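What you see is a predicted model, and the numbers here were worked out from it, not measured in a lab.
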Number of protein chains: 2
Amino acid sequence: MTCHTAPVNTAARRPARNRPAPTLEEVAARAGVSRATASRVLRGDQKVSERAREVVLAAAQEISYVPNLAARTLVTGRSESVAFLVEESEERMFADPFFLGMLRSAQEAVATAGQQLVFTVMNRPEDQERFLAYAAGGHVDGVLLLSLHGRDQLPQRLESLGVPTVLSGRPLSGGRRLWYVDADNVGGGELATRHLLDSGRAHVATVTGPLDMCAGQDRLAGYRAAVEAAGRPYDEGLVSVGDFTAAGGHAATVRLLDERPDVDAIFAASDLAAFGVVRALRESGRSVGDDVAVIGFDDVPAAADQQPPLSTVKQPIAALGTAMTRLLLDRIEGRPGLTRRTILPVELVLRETA
Amino acid sequence: MTCHTAPVNTAARRPARNRPAPTLEEVAARAGVSRATASRVLRGDQKVSERAREVVLAAAQEISYVPNLAARTLVTGRSESVAFLVEESEERMFADPFFLGMLRSAQEAVATAGQQLVFTVMNRPEDQERFLAYAAGGHVDGVLLLSLHGRDQLPQRLESLGVPTVLSGRPLSGGRRLWYVDADNVGGGELATRHLLDSGRAHVATVTGPLDMCAGQDRLAGYRAAVEAAGRPYDEGLVSVGDFTAAGGHAATVRLLDERPDVDAIFAASDLAAFGVVRALRESGRSVGDDVAVIGFDDVPAAADQQPPLSTVKQPIAALGTAMTRLLLDRIEGRPGLTRRTILPVELVLRETA
DNA sequence: CAATATAGATCCCTTCGTTTT
DNA sequence: TAAAACGAAGGGATCTATATT
């Protein structure tokens, strides 16, 4: 006869009284059925008799059985959770209404699907390795990735480890093979610029975002398209490079006014930049909306609270978050017929600056 | 000879090319050591020779081995992640600087400890059951719980399922057995009230928070303590019940002024309430800071931006989040000598309204 | 006899192939 | 012959008691 030593049960989860957590085995024993049958009942599988169902459910209830998810994940390969990963400082993540809005809608969409969201903000390079191991280790079934920097290969690495990833915003490189959801930045730039042109402005300028980011490039492309569609020449003198911040917008405007004092309309590539534009215009003695029309981009909450309220291109933040999440969940499920690239429409919100 | 059917490998994680993920077994084989040795090396265990270490590390590298976390969790009982659970609507979670600040600091603290944060906001009752199963299932090692409502038994249920839980704020019931971190609400109420009394105000009133919440009760208790410590009678006519919102603060002030037009100082139990107080005072033709001094509670960012800037009691939000997280992690580790109750000091921030 | 390395049991669940009714 | 239940084989890592040098 083999001598079994008592099971040592290293650190396994155990409820308050220090009993080990009940297992499926115990439920089955108590119900007088096999483990397989108990499993089928608890997962809501079809092939079980009504009697078996009742008796198993009762047994599970009695001993407050909760399935061990690690064991389940081990066999199914699914964790029923996805990561929300932001490559930014905590500072920026929590200061930016865009990130918060995305987090909010992603959380809602994930919860609606009955799954969990693992929220991570990544700063230091070592964070990246750790996250990679975490994700590839099977603790999440997929990744929502925001604010990818430069030509960072993180999404490629995740995909090659078998972790489906969906980006927010078109990536600078690898756009062909990666999955992403983006706002219609080109269309938004066009929309704003066309409005300025149509309202009779003679010299419509733009204060751009950083041109090493897709959103910056695309909004500028939209500006240019609208200008050319109106049969006007694309004039580089009317393009001043900023960086999406208020300070950058201010500086870009100062330069612009210096070279081209005749400017009577400015499309700013972000609302924050627009705030800087407005300040610079004021400082130069021009009236905003009257002498110079201004349109921003994003529609952050503060835009409506400005004096005068800022006209802007509204990004559908909630829809972006929901779309990313749905796309990721569909990929995880292996739904066929999905497309790598989703572009959501933007909308011109006219207030008082244009 | 037994006939083995090929392993079917249901849905297990598999990298891009559809090969199954490499296992520890394969690393060991490649390195020419046993699985146990490979495991020890990869976990940084001590009892391994330098040669074994090198050869295992190399092998792991070669086949891009990533440990399967579900398997690890199954045996260790640890998932290396904790939940951040908010019992609120998404709306309130994302509108309230307090929740966002807590999320931020918890995220930082958790990341610093090399762990992950699972972020959940809970609205509907069915969410609770699902979360309970998730947490008890071992996907998280503990729970940070914010904004517990009424006498909700969720923390008790979590604890009884073996999931350590730390609350933000003293719970209404069960405070004896539960673990929580709170700001010194009583002390803050005292601090504000004493300052108003000391600065020569004759009739110091308070606009309270909701009195079915601990924070509301405690801040009122602090007010009362300061009044009595100053040798003045506690006058219920000077206590007007609000609910932490601006609308509530406004209404409470209107009532108060109606009954006690002689009021010359008001301690409001929250900054939002204070905003309402200020508006009501203005509407009544009184000057804020001069005729009537006002002190709020929280120090939300908007407090400093008010006209005039609001004096208030500052809660150490980042410290609260960090303390909760550290406490939870320490509990999970089984560190001895921890105390159930942590109260962090608050601080009076004098600006222009008092 | 130290210091390392090993085999094998164990964690708990899902699922396949087979038997039972 | 179906339908329902069963037994046993994984799934991948950790850890203890045992062997090896």
Between C:dA5, D:dG7, C:dC12, which one does the side chain of B:Ala52 approach most closely? C:dA5
From CG of A:Leu42 across to C1' of C:dT15 the rounded distance in Å is 15 Å
Look at the rings of B:Tyr134 and B:His139 and say which category their plane angle falls in: under 30° parallel, 30 to 60° tilted, over 60° perpendicular. perpendicular
Closest to the A:Leu24 side chain: C:dC13, D:dA13, D:dG7? C:dC13
Taking atom CD of A:Glu126 as the centre, does the number of heavy atoms from other residues, nucleotides or ligands within less than 6.0 Å exceed 12? yes
Within 6.0 Å of CZ in A:Arg124, more than 12 heavy atoms from elsewhere: yes
Does D:dG11 have its OP1 or OP2 closer than 4.0 Å to a side-chain nitrogen or oxygen of B:Thr23? no
Between D:dA8 atom P and A:Arg35 atom CZ, what is the distance in whole Å? 10 Å
Nearest 0.5 angstrom please: A:Leu117 CG to A:Gln107 CD, how far? 6.5 Å
In whole Å, what is the span from the CZ atom of B:Arg53 to the P atom of C:dA3? 16 Å
Write down the distance between CG (B:Asp45) and C1' (C:dT4), rounded to a whole number of angstrom. 12 Å
How long is the line joining CG of B:Asn68 and C1' of D:dG10, in whole Å? 13 Å
Would you say a side-chain N or O of A:Arg78 is under 4.0 Å from OP1 or OP2 of C:dT14? no
Go nucleotide by nucleotide along DNA chain D from the 5' end; which of A:Ser34 and B:Glu25 gets its closest nucleotide reached first? A:Ser34
Whole-Å distance between D:dC15 P and B:Arg72 CZ? 10 Å
From the set D:dC6, D:dG12, C:dC13, return the single nucleotide nearest to any side-chain atom of A:Arg40. D:dC6
It should be established whether A:Ser39 places a side-chain nitrogen or oxygen under 4.0 Å from OP1 or OP2 of nucleotide C:dT14. yes
Once hydrogens and angles are ignored, does a donor-acceptor distance under 3.5 Å link the base of C:dT15 to the side chain of A:Arg43? no
Hey, could you give me each pair passing salt bridge (charged side-chain N to carboxylate O under 4.0 Å, His left out) that has a residue in residues 20-36 of chain A? Not counting sequence neighbours. A:Glu25-A:Arg35, A:Arg30-A:Glu62
Taking only the side-chain nitrogens and oxygens of A:Ser49, find out if one of them lies under 4.0 Å from OP1 or OP2 of D:dA5. yes
Rounded to whole Å, how long is the line connecting atom CD of B:Glu80 with atom P of D:dA13? 16 Å
May I ask you to evaluate whether A:Thr37 reaches the phosphate of D:dA5, defined as a side-chain N or O under 4.0 Å from OP1 or OP2? no
Separation of atom NE2 in B:His139 from atom C1' in C:dC12, rounded to whole Å: 13 Å
B:Ala71 or B:Gly32, whichever maps to the more 5' nucleotide of DNA chain C: B:Gly32
Counting only side-chain heavy atoms from C-beta out, which of D:dC6, C:dC12, D:dT14 sits nearest to B:Leu74? C:dC12
